[in-house]
Amino acid sequence: MRYDHGGIERKWQERWEAEGISHAPDFDARPKYYFLTMYPYPSGDYLHVGHWFAYVPADAKARYLRMCGCNVLFPIGFDAFGLPAENAAIERGIHPYKWTMDNIDHMRRQFRAMGAMWDWKREIVTCMPHYYKWNQWFFLKMYERGLAYRRLAPVDWCPKDNTTLAREQVVGENRVCERCGTPVIKKNLAQWFLKITAYAEELLDFSKIQWPERVVTLQTNWIGRSEGVEFEIPVKGHPGISFRVFTTRPDTVYGMTFCVLAPEHPLIDQLTTLDRRADVEAYKFKAARESDIERLSTERERDGYFIGAYAINPMDGAEVPIFIADYVLLTYGTGAIQGVPAHDTRDFGFARKYDLPIPVVVAPPGWDGQPLEEAYLDEGTMVNSGPYSGLPSPVGWERIADDMVARGIGERKVHYRLHDWLISRQRYWGTPIPIIYCPDCGTVPVPYEDLPVVLPEDAEFRPTGESPLKFHAGFRQVHCRRCGRPAERETDTMDTFIDSSWYQYRYLSPHYDQGPFDPEKGRVWLPVDQYTGGVEHAVMHLLYTRFWTKVMRDLRLVDFDEPMIRLFNQGIILGPDGHRMSKSRGNTVTADDMVEQYGADVVRAYLMFIGPWNEGGPWNPQGIEGIVRFLARTWALVTEPPGGGGGDGTLRARDVEYRTHHTIQRVTEDLDGFRFNTAIAALMELVNFLQRARSTPLYGTPVWHEAVRSLVLMLAPLCPHVAEELWVEHLKEPYSVHQQAWPAFDPAKATAEQITLVLQVDGRVRDRVDVPAAITDAEAHEVALGNPRVRQFTDGKQVADVIVVPGRLVNVVTR
RNA sequence: GCGGGCGUAGCCGAACUGGUAUAGGCGCCAGACUUAGGAUCUGGUCGGCGCAAGCCGGUGGGGGUUCGAAUCCCUCCGCCCGCACCA
């Protein structure tokens, strides 16, 4: 029989838990290692194989690091606030708290069945008041520093989830809600923002972290830094009135033949002439009514209207018409632009449509003075640019920028695409924003001693989509903490990305009540050494948590700049249909049944074996039998005496030794590099080899024991239960295998004595010969030229060259 | 449109810095042990030609650099991801 996985796994899980071997002591002589993996949302789907794929390799790596001598902190918790809980409340009348906690209970059981070394003593659940109290505390700290502010702004609203969203949570070409896929609409609302833009420049600096290039690129593009000049353009006939434009191309300013204001630009009404008013009003109306989807349809022609007013180019006094057009956005730059059709694709199309002149001011190399067929965007020689003509455009760029500054009409400016983080949510199941609005005192922050502002339990969940807090008199009606007169609480709650922005700190001391975390423990554990999780959080969670850490640094809570030093993005396991697993799609696959049938160790190993961790792909359970057989063979190898036959009598002790050490080297390097699939393949090769050595006199010799012990030790992080059972019950080694040192390899033993030397003639393999590994180049040279098969192909030809690649091959080149 | 990634046996995937393409596994074929085998063990398994030894072709297509290319360069095709009027 194979082995009784059910009994073995339960037995060891209970003992590990009872003895607390997964708990990382805060103060310990070993070097610390904080290994963090993204915590799950406790959804009604519970944990599926996609979760296992994320957590099991992380656990294996954490276990490996512990065997390597580190004191590894490997915590888990639950991202417990969020919309699905509230939707369940509306649809089925279950309170979000109960729904969430029931799901968490279920998931805890699944997490235990996984056999992972979670440090349960540090578990956090973000919907608990003693957690979200600190969200509020941070909010107040930011409010004091001007980093949290309330502003009336056009914001993205999801009509299905009935809440506003941060810019990062609106995705794709159609601008849909990141959570539910519904197209968002614009609303003008007073909302709370966190000033992440204050850190834009610093967030572009990735020099202190080792993160995947991909994430660095995503964040860099998201922040979208552009450097240019903002300058003042006076309006003809309106003394004292001017508007500002932002451009990254001050070198093209002499090519301006029109200006464009965004439809929402505040000067439009004032500047539009009477004869133009009707058209402009109609256009404004159209732009306001049109959804972003329509406005952004890729191939739509840019249109606009002349408003009747003229702008004066501050550099040469030229008068150009002012247009209103929706291709200029109020939310970027100044909401107004200089129209330079010759050197901007959009302006080019606009000028063509309205027959505006397209003068070239940056000549392309070899330009013959003819009109352009399309906008020329590259560098060139400046022409028709007054005193700047003849300069290379990059030089002109700097000169014009300097001159605008010197003449007081402009300034150098950097703009970012990044917006401040909109954190208000018109929902119940989140952290209440600790603010009171008093008719007399205005916006009053809740005093620290009143925290936490607790969610009322008796909220009413209506299908109308309105926030239950808004209609909860007991919550809403308060007395001002300054003047004592009746006032109102803020009823919006915080974006749940707030919770995850600092959860890594709370794990250190989840019950600490003097601050978000115990600074003494912070000095031990921080920052996070290794973080793992999906790449889908690249511009949300991973950007927010970097921002949060920088704020914490400025609050002197931490003394470093980045939350997580290293990051690894695992791939995503899709449903068997190739789509993302989700309950609504009905393609989720649970690990529960497989764990029942095969045991957690088999499921763990299979998930690690199917491919590189960073790739993922559609779920396909075919092949799990391979892992079943591998573990059964391993089991038999350790537990059963040699049977008859099947042994390879030519094997020597040195072969076993080489295989063992070579495998240790391979597995060590693979686990260092998160290459679990090849680590398991190496272990399979070792087992297959040992099986051939088993029914020989080598069985039971010291090299045999070393091989078997090493095998079980290497198996321990991957398949912790089987390894423990073999280690303790069959090898009679001291409990626990998980507290043993990772086997070391001896480089001398890990090197083969014999190598296969490949003999090529003109790059084609003609023979392979076994030679001592220590063969010199000259000897290899000779072996090759003396080889009959090589001779057969060099016969009658002249040897032009012999290339020796030490330890690998010899290539005889003929002429 | 811009940016990034990927493409290797029937399938999942290996291949260090340019040096034996296809390790390991699944599946399939054959054999052994068996009353039996959906267990286990052994062997085989990229294609073409060949009795065989072997030869030739082969890493999405085409071209190039090199003694030698899955790997580097150019180009085309396909798939995936991100951004998308950002001035």
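Each chain gets a letter, A, B and so on, in the order the sequences are listed, and its residues count up from 1. All of these numbers come straight from a predicted model, not from anything done at the bench.
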With rounding to whole Å, what would you report as the distance between [N] and [M] at their [atom1] atoms?
{"N": "B:rA9", "M": "B:rU22", "atom1": "P", "value": "14 Å"}
{"N": "B:rG24", "M": "B:rU8", "atom1": "C1'", "value": "15 Å"}
{"N": "B:rC73", "M": "B:rG25", "atom1": "C1'", "value": "35 Å"}
{"N": "B:rC80", "M": "B:rU71", "atom1": "P", "value": "24 Å"}
{"N": "B:rC12", "M": "B:rG7", "atom1": "C1'", "value": "15 Å"}
{"N": "B:rA23", "M": "B:rG37", "atom1": "P", "value": "30 Å"}
{"N": "B:rC79", "M": "B:rU66", "atom1": "P", "value": "35 Å"}
{"N": "B:rA52", "M": "B:rG13", "atom1": "C1'", "value": "34 Å"}

Please report, rounded to the nearest Å, how far the [atom2] atom of [N] is from the [atom1] atom of [X].
{"X": "A:F231", "N": "B:rA87", "atom1": "CZ", "atom2": "P", "value": "14 Å"}
{"X": "A:R808", "N": "B:rG19", "atom1": "CZ", "atom2": "P", "value": "7 Å"}
{"X": "A:L261", "N": "B:rA87", "atom1": "CG", "atom2": "P", "value": "18 Å"}
{"X": "A:E640", "N": "B:rC41", "atom1": "CD", "atom2": "C1'", "value": "13 Å"}
{"X": "A:D670", "N": "B:rG24", "atom1": "CG", "atom2": "P", "value": "15 Å"}
{"X": "A:E685", "N": "B:rU22", "atom1": "CD", "atom2": "C1'", "value": "13 Å"}
{"X": "A:L715", "N": "B:rG24", "atom1": "CG", "atom2": "P", "value": "19 Å"}
{"X": "A:M684", "N": "B:rA23", "atom1": "CE", "atom2": "P", "value": "14 Å"}

Considering residues at least two apart in sequence or located in another chain, which fulfil the side chain to side chain donor-acceptor pair (under 3.5 Å) criterion with [X]?
{"X": "A:Q570", "value": "none"}
{"X": "A:T247", "value": "A:Q338"}
{"X": "A:T678", "value": "A:D670"}

- Note on the structure: Under a 4.0 Å heavy-atom criterion, the protein footprint on nucleotides 53-58 of chain B, written with B, S and -, is -SSSS-
- Item | Base-contact (B) and sugar-phosphate-only (S) positions in nucleotides 6-14 of chain B, heavy-atom cut-off under 4.0 Å, - elsewhere | ------SSS
- Query: Which residues within residues 248-259 of chain A lie with some heavy atom under 4.0 Å of an atom in RNA chain B?
  - Reply: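 Hits under 4.0 Å, by residue number: A:T248.
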If you look at every strand shown and take non-hydrogen atoms under 4.0 Å, does [X] touch a base, only sugar-phosphate, or nothing?
{"X": "A:N811", "value": "base"}
{"X": "A:R666", "value": "nothing"}
{"X": "A:R244", "value": "nothing"}
{"X": "A:Q760", "value": "base"}
{"X": "A:D347", "value": "nothing"}

- Who pairs with A:T248 by side-chain contact (heavy atoms from CB on, under 4.5 Å), at least two apart in sequence or on another chain? A:S226, A:F246
N/O contacts under 3.5 Å, protein versus nucleotides 63-66 of chain B?
none

- Partners passing salt bridge (charged side-chain N to carboxylate O under 4.0 Å, His left out) against A:R666 (at least two apart in sequence or in another chain): A:E685
Could you pull out the protein-nucleic contacts involving nucleotides 78-82 of chain B (nitrogen or oxygen on both sides, under 3.5 Å)?
| from | atom 1 | to | atom 2 | distance (Å) |
| --- | --- | --- | --- | --- |
| B:rC81 | O2' | A:R214 | NH2 | 3.0 |

- Message: For RNA chain B, please output the secondary structure as dot-bracket, reading 5' to 3'. Pairs are Watson-Crick or G-U wobble, both atom distances under 3.5 Å; mark crossing pairs with [ ], other-strand partners with |, unpaired with a dot.
- Response: (((((((..(((......[....)))((((((.......))))))((((....))))..(((((..]....))))))))))))....
- Message: Just N and O in the side chain of A:R633: are any of them under 4.0 Å from OP1 or OP2 of B:rU40?
- Response: no
- Message: As a test of the definition: with a 90° window around 0 for syn, would you call B:rA84 syn or anti?
- Response: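 Anti, angle beyond 90° from zero.
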- Sequence neighbours left out, what pairs pass side-chain hydrogen bond (donor to acceptor under 3.5 Å, both in side chains) with at least one residue falling in residues 795-813 of chain A?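 Non-adjacent pairs meeting side-chain hydrogen bond (donor to acceptor under 3.5 Å, both in side chains): zero.
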- Task: Examine distances only and state if a side-chain atom of A:R546 and a backbone atom of A:L203 form a donor-acceptor pair shorter than 3.5 Å.
- Result: yes
